[in-house]
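Before any comments, here is the structure.
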Amino acid sequence: MDWRIKRPEEDVAVEVYIPKMSDHMESGRVLRWYFQEGDSVQRGEVLFEIETDKAIGEIQAEADGILRGIRAAEGDEVQVGEPVAWILAEGEALPAQSTSQPAAAPVVEPSVAPQPAPSAPKMNAESGAVRATPAARKLARELGVDLRQVSGSGPEGAIRDEDVRKAASAGAGQEAGEGAVFEPFTTVQRLAGQRLTKSVHDAPHFFLRVKIDAGSLLAQMERARDRVHALTGEQISLTALLARGVAFALQKHPRMNAEVEADGLRLLPSVNLGIAADTPAGLVVPVIHGIDRLSLAEITLKLRELQRKARDGRLAPQDLEGGSFTLSNLGMFGIDEFQAIINPPQVAILAVGKLAEEPFRQEDGSVGWVSRFSVSLSADHRAVDGASAARFLTDLKQILEEPGGLIADIEEEGSLS
Amino acid sequence: MTTPTRDAVSLGAKSPVMSSDLIVQVPAGTPATEKTMAEAIREALAEEMERDPRVFLLGEDIGKHGGAFGVTRTLFDRFGPERVRNTPISENSIVGAATGAALVGMRPVAEIMFVDFSGLAMDQIANQAAKLHLMTGGQARVPWVLRMPQGGGAGKSTAAQHSQSLEVWYAHIPGLKVLLPSTPYDAKGLLKAAIRDDNPVIFLEHKLLYSFKGLVPEEEYVLPIGKCDVKREGSDVTVVASGYMVWHAMAVAQLLEPEGVSVEVVDVRTVSPLDEETIGASTRKTGRLLVVAEASRSYGPTGEWAMVAMEQAFDYLKAPIQRLAGRFSPVPFADSLENGMWPTTADVVGAIHNLMQY
């Protein structure tokens with residue numbers, strides 16, 4: 001292995017370090033010196049063999065000179081960055097810091113060897129050949145079991161499918177205890193997992209939280225209840241009002257209602273609000289398309305329809321596509337507040353907590369009670385900055401705390417378009 | 001392969017006995033009679049000759065004498081010299097005459113006294129009969145059947161030129177169908193199908209099986225060409241075998257049942273075209289495969305079956321496929337040496353034990 005130390009060129013007293021050969025490497029063991037104290041060495045010659053937790057490598061001389069001050073014997077474990085010897089010019093004395101610790105580990109990168117290394121590296125891992133039956137291999141693929149970690153009970157240690165099954169349940173059992181059952185991901189779970197992992201990885205999330213006073217919202221909901229029921233046959237819900245409030249706020253902040261692309265933001269012409277729902281089959285996010293153009297009655301109807309379809313597993317692909325913003329509510333589970341992962345390529349997601357009675361200081365100094373819930377906005381900093389997101393959240397807060405506009409169409413028209 | 005003494009040494013008193021009870025193919029209550037395979041073949045010939053006047057027999061000593069193994073006995077008296085025709089010792093002419101007769105609409109059933117002699121007729125078989133249907137664009141048909149005894153057996157001492165199992169000679173030639181029945185029931189049903197088939201069929205009869213008995217239904221039946229027959233269902237090991245080796249497999253399956261090893265036996269009674277689906281399905285079910293044939297190991301049918309299993313069931317294999325086959329050697333005359341030529345029941349037991357290590 002040819003590891004080159006990137007450090008300033010020095011005429012004298014070149015330190016021989018233990019280089020950092022992998023991200024997680026903290027130390028290395030000197031296995032064997034090829035030179036002795038006082039030997040003259042040439043740049044590129046292998047000075048010693050080193051063993052890390054991953055491999056065995058060789059350390060080459062960075063300069064011509066005399067090897068001096070060897071302070072790690074064969075078998076010694078040495079911290080990354082620590083010098084193990086010096087290469088000196090003829091007649092040069094060992095530097096003073098030969099007894100002190102070096103400041104920092106040098107950065108090391110593997111380089112393409114200009115010429116073959118004196119000897120091929122020995123890898124401590126097996127060549128990768130595993131003795132296993134085809135059935136065991138197939139099962140290992142399906143269960144995500146690494147066959148190199150499985151001990152075989154067949155002839156000559158061959159891994160049987162039974163061994164893989166045991167290893168899979170043992171692997172799961174390390175956390176869950178005896179009798180643990182491995183449950184493979186469904187396709188939906190796997191794809192959702194990939195999407196969200198990518199979101200966490202790619203989108204620089206930041207989080208803003210605000211408390212919403214729900215007093216007026218609840219009062220307006222009661223005012224609209226009978227009218228909505230008369231028009232739709234359905235019960236109005238806080239979710240419907242929240243959804244409408246979010247749609248109104250998004251209309252004022254088009255950059256929040258957008259898709260993040262590699263080199264820009266695609267602002268969308270209408271609000272397609274995804275509403276996360278828990279179903280027997282797991283999380284689904286049905287979308288109310290064009291919610292900014294729907295009346296409260298229509299939103300109520302659409303929401304109930306999607307909720308029923310979600311519960312029965314009858315959501316069509318088009319019910320799940322094209323969301324421009326997502327609303328996620330865990331209030332019904334008693335969650336005070338939470339932060340959600342953005343559903344890419346959307347810009348943001350709003351997480352809603354539970355409604356709770358909270359004390360507050362009234363003007364006369366006495367304690368009063370108010371219904372509040374918390375909303376947390378997760379936003380992608382590539383698309384919006386903190387101030388923009390704060391303005392959105394402030395407007396949303398105002399819409400929800402002064403919610404007359406949310407039920408105005410019920411009050412005025414009261415008819416379905 | 002082991003020496004024949006292994007049967008006695010390793011299995012001792014448990015050594016399986018070949019008995020007609022091992023393979024029962026006729027449901028209880030169906031009118032049936034126990035017959036030898038020779039009798040079943042004779043019955044098939046007679047029924048087809050009664051049914052179709054185009055069917056006639058030709059071969060060496062098949063007339064009054066009734067054939068070297070007595071299969072055609074009584075047929076000369078019953079159907080006369082026109083339809084049961086003795087020929088000189090002239091294999092090439094026998095097949096050539098059969099091919100000519102078949103081309104003009106007859107349905108000859110020719111007998112070659114030993115499959116070993118069929119080399120003399122190989123051009124007629126492989127280059128003429130097998131290819132005419134294709135080369136004439138389907139205008140010509142060659143509906144003959146070539147019956148040939150084959151195989152060796154302990155104590156028979158028929159030696160190198162009368163003991164071979166040569167099904168792969170013919171299975172290798174496109175245009176030929178190759179059948180190798182293991183029971184009287186199969187022999188009758190398959191021979192009737194062969195006679196009714198419109199192109200050449202090689203019908204191989206294991207000499208040791210001529211005297212094996214089994215129930216044959218009174219009612220007429222015809223078996224399909226091109227299908228394996230699952231002789232016994234099981235869940236742990238699949239044994240794919242043909243001809244006489246099916247009996248070894250069945251005997252061992254019965255022997256191992258009390259040990260808790262469930263053996264499925266697939267009889268390749270049609271050697272060609274090979275029923276790959278059944279071999280694949282059974283191997284996928286059990287995950288463990290033993291292939292057994294009397295034919296020589298090198299380039300033999302067992303290699304073909306194992307490859308089919310690999311293609312069809314690779315991801316299901318729990319163990320390396322085991323192979324038992326005839327030694328790659330001319331068959332020796334001496335009893336002691338001849339007995340070591342072919343897989344024994346002890347070999348089958350050993351191979352299944354190997355499989356069950358996995």
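What you see is a predicted model; the values in this text were computed from it and never measured. Chain identifiers are assigned alphabetically (A, B, ...) following the order of the sequence lines, protein sequences preceding nucleic acid strands; residue numbering begins at 1 within each chain.
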* Would the number of heavy atoms belonging to other residues, nucleotides or ligands and lying under 6.0 Å from CD of B/E233 be above 12? -> no
* Heavy-atom pair with the smallest gap, counting every atom of A/A158 and B/Y358 -> CB-CE2, 3.8 Å
* To do: Identify which part of A/R160 has an atom lying under 4.5 Å from any heavy atom of chain B, answering side chain, backbone, both or neither.
  => side chain
* Does CD belonging to B/Q164 count more than 12 external heavy atoms closer than 6.0 Å? -> yes
* In Å and rounded to the nearest 0.5 Å, what is the CZ to NZ distance from B/F314 to A/K138? -> 11.5 Å
* What pair of heavy atoms forms the shortest contact from B/L317 to A/T133, and how long is it? -> O-CB, 3.5 Å
* To do: For atom NZ of B/K227, decide whether the heavy atoms of other residues, nucleotides or ligands shown that lie under 6.0 angstrom number more than 12.
  => no
* To do: Please indicate whether A/R195 has more than 12 foreign heavy atoms, meaning atoms of other residues, nucleotides or ligands, lying under 6.0 Å from its CZ.
  => yes
* Structure fact -> Tightest non-hydrogen contact, residues B/Q357 and A/P155, listed as CB-CG, 3.5 Å
